[in-house]
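Heads up, the thing below is written out as structure tokens.
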There are 2 protein chains.
Amino acid sequence: MPKVGMEPVRRQQLIDATIESVAQKGLQATTINSISKNAGMSSGIISHYFGGKQGLIEATVRYLLSNLKDDLISKVDEKTTPTQRLMFIVESNFALVQQRKDTTRTWLSFWAQSMHDKELHRLQNVNSKRLQSNLTVSFKQLMPLAQANLAAELTAAMIDGLWLRAVLSQSDENQFKHSESLAKNYVHSLIKQYGA
Amino acid sequence: MPKVGMEPVRRQQLIDATIESVAQKGLQATTINSISKNAGMSSGIISHYFGGKQGLIEATVRYLLSNLKDDLISKVDEKTTPTQRLMFIVESNFALVQQRKDTTRTWLSFWAQSMHDKELHRLQNVNSKRLQSNLTVSFKQLMPLAQANLAAELTAAMIDGLWLRAVLSQSDENQFKHSESLAKNYVHSLIKQYGA
DNA sequence: TTTTATTAATTGATCGTTCAATAAAGATAA
DNA sequence: TTATCTTTATTGAACGATCAATTAATAAAA
């Protein structure tokens, strides 16, 4: 069986299996066995590649975060207007839903856990700050600084709130699309309200 | 030790101890032992009064929900204006924080778990629907029906989003007060925007 | 004494981790 | 080419810890 250079392949397979298991059964019921079974491998391999369950959990969160980051980068170029960029930010935060339905539940599980896990809380903070910072950069090109900061704070809350309510009510894809559109309308109304 | 009529006392003590344990260590690490230790009792008493751990968890959520419900009822009377009532709704959803600091973390833990637990999901749905329904009733007195429904949906999302971000960033009481004030301002702006 | 309230010890299941064993692939040398 | 050695990849059983739940025993009130 053993081919050379399996490490990156196996690591990704185990991360995918972790997302799957947490989405299906929750973080609480996700065990080394449930993950390795989803991945079609033995339980021992998790410690071999990630040092333990905790290492795999954290690697999974980092993978989700970098996915979110790359998604926005791929959408923006030098010709993007500030308003367009704001719409892309909204889209990115709702996008992971469409490509992988099970990802959304996984996010919320990790967030809840982040209150009691130092490294997860650090990662969550990076993500939260980045959303607000991304929003502020674009709003600043459309309105004075004080208003831009406020608009970014409110937009971040609106995105997270709409997203949270959609996840918790176990919505289908149409509901997520509806929430995304509400968030975009809200950004437009903020620009109209404060825009110079 | 055994006095008669201890049941309601013990039940409440165990619910309080559950909130404390979940806030401190998370739902994942909360065990029959950690709860009974917090309550200063033995572990067997949980099965005696709640049938098991699951029963205690669900009773705790029901307690938090009814607390939230009663808080709003106590604030409103027949002389309350629609706008005042909207402010009270916002206050209620941020109020639990002040009286008991550890309650907020507990909420989020239960919400995350509700995705994988039928009864918890049912309870979460009741709460979510009630917030939106409470908001709609008051908005309807201030604007046309279609706008009132939209305003209620947006306000619910804004409240939850501001609350979630405050909880996750492990904010102090001042930050919660700041979020509460942002939510109130948002309600006022919706009334100004759509108000007849 | 009988009933109610509670404890403390125990049970069996399950958890994450560790580790010796193994299988296959490449490397080396004959 | 063939045989041997080394490395990499992987397994699954065993271990100790910990969990929720149960049970028998105990203490106090009625």
Side-chain angles (χ1 to χ4, degrees), chain A residues 1-22 24-61 106 109-110 112-113 116-120, chain B residues 1-22 24-61 106 109-110 112-113 116-120:
Chain A
M1 286 185 193
K3 274 190 205 164
V4 152
M6 285 274 88
E7 179 165 338
V9 177
R10 293 286 178 245
R11 287 179 72 96
Q12 189 56 50
Q13 286 174 332
L14 287 168
I15 285 172
D16 290 340
T18 304
I19 293 173
E20 201 180 325
S21 174
V22 175
Q24 283 169 357
K25 348 172 63 159
L27 190 55
Q28 178 141 230
T30 289
T31 68
I32 286 248
N33 275 316
S34 74
I35 296 171
S36 57
K37 196 172 178 181
N38 273 348
M41 295 174 230
S42 84
S43 63
I45 203 125
I46 287 172
S47 290
H48 181 252
Y49 281 123
F50 292 95
K53 187 191 181 188
Q54 187 67 10
L56 175 52
I57 297 291
E58 289 169 11
T60 303
V61 173
T106 310
S109 287
F110 289 145
Q113 188 61 21
H116 310 95
D117 182 309
K118 208 171 175 185
E119 176 65 8
L120 288 187
Chain B
M1 290 183 193
K3 276 190 205 167
V4 147
M6 289 312 290
E7 177 163 339
V9 177
R10 293 284 179 247
R11 287 179 70 95
Q12 189 55 51
Q13 286 174 331
L14 287 167
I15 285 172
D16 289 340
T18 305
I19 293 172
E20 200 180 324
S21 173
V22 175
Q24 282 169 358
K25 349 170 62 158
L27 190 55
Q28 182 141 228
T30 289
T31 69
I32 280 215
N33 275 317
S34 73
I35 295 170
S36 57
K37 196 171 179 182
N38 274 349
M41 295 172 232
S42 80
S43 65
I45 203 112
I46 287 172
S47 291
H48 181 250
Y49 281 123
F50 292 96
K53 186 192 181 189
Q54 185 67 11
L56 175 53
I57 297 290
E58 286 168 13
T60 303
V61 174
T106 311
S109 287
F110 287 145
Q113 187 62 20
H116 310 95
D117 182 309
K118 209 172 175 184
E119 176 65 7
L120 288 187

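Note: hydrogens, waters and symmetry copies are ignored here, and every other heavy atom, side chains too, is used. Each chain gets a letter, A, B and so on, in the order its sequence line appears, and its residues count up from 1. Because the structure is predicted, anything quoted here is derived from the model rather than measured.
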**Asked** What integer distance in Å separates A:Phe50:CZ from D:dT10:P?
**Response** 12 Å
**Request:** Report yes if the side chains of B:Val61 and B:Glu119 come closer than 4.5 Å at any heavy-atom pair, otherwise no.
**Result:** no
**Asked** In whole angstroms, how far is the C1' atom of D:dA20 from the CD1 atom of B:Ile35?
**Response** 11 Å
**Gap between atoms CE and P, on A:Met41 and C:dA23 respectively (whole Å)** = 20 Å
**Message:** Rounding to an integer number of Å, can you tell me how far B:Arg11 CZ sits from C:dA5 P?
**Reply:** 13 Å
**Message:** Using whole Å, what does the distance between atom C1' of nucleotide D:dT10 and atom CD of A:Glu7 come to?
**Reply:** 13 Å
**Request:** Taking the side chain as every heavy atom from C-beta outward, state whether A:Phe50 and A:Arg11 have any pair of such atoms under 4.5 Å apart.
**Result:** yes
**Request:** Tell me whether the OP1 or OP2 atom of C:dT6 has a side-chain N or O from B:Arg10 closer than 4.0 Å.
**Result:** yes
**Prompt:** Rounded to whole angstrom units, what separation is found between the CD1 atom of A:Ile45 and the P atom of D:dT8?
**Reply:** 15 Å
**Item:** Closest approach of B:Ala39 to B:Leu14 (non-hydrogen atoms, all atoms of both residues)
**Value:** CB-CD2, 3.9 Å
**Prompt:** Expressed in angstrom and rounded to an integer, what is the separation of A:Gln13 atom CD from D:dT10 atom C1'?
**Reply:** 13 Å
**Prompt:** So which pairs with a foot in residues 37-49 of chain A pass side chain to side chain donor-acceptor pair (under 3.5 Å), sequence neighbours left out?
**Reply:** none
**Request:** Scan nucleotides 10-16 of chain C nucleotide by nucleotide, 5' to 3', and note B when protein non-hydrogen atoms come under 4.0 Å of the base, S if they reach only the sugar-phosphate, - if neither.
**Result:** -----SS
**Asked** Is a donor on one side and an acceptor on the other found under 3.5 Å between the side chain of A:Ser34 and the backbone of A:Thr30?
**Response** no
**Item:** Any B:Tyr49 side-chain nitrogen or oxygen under 4.0 Å from OP1 or OP2 of C:dA5
**Value:** no
**Message:** Nearest whole Å is fine: how far is D:dC19 C1' from B:Lys25 NZ?
**Reply:** 13 Å
**Complete:** Minimal heavy-atom distance between A:Leu120 and A:Asp117, with the atoms involved, is N-OD1, 3.1 Å
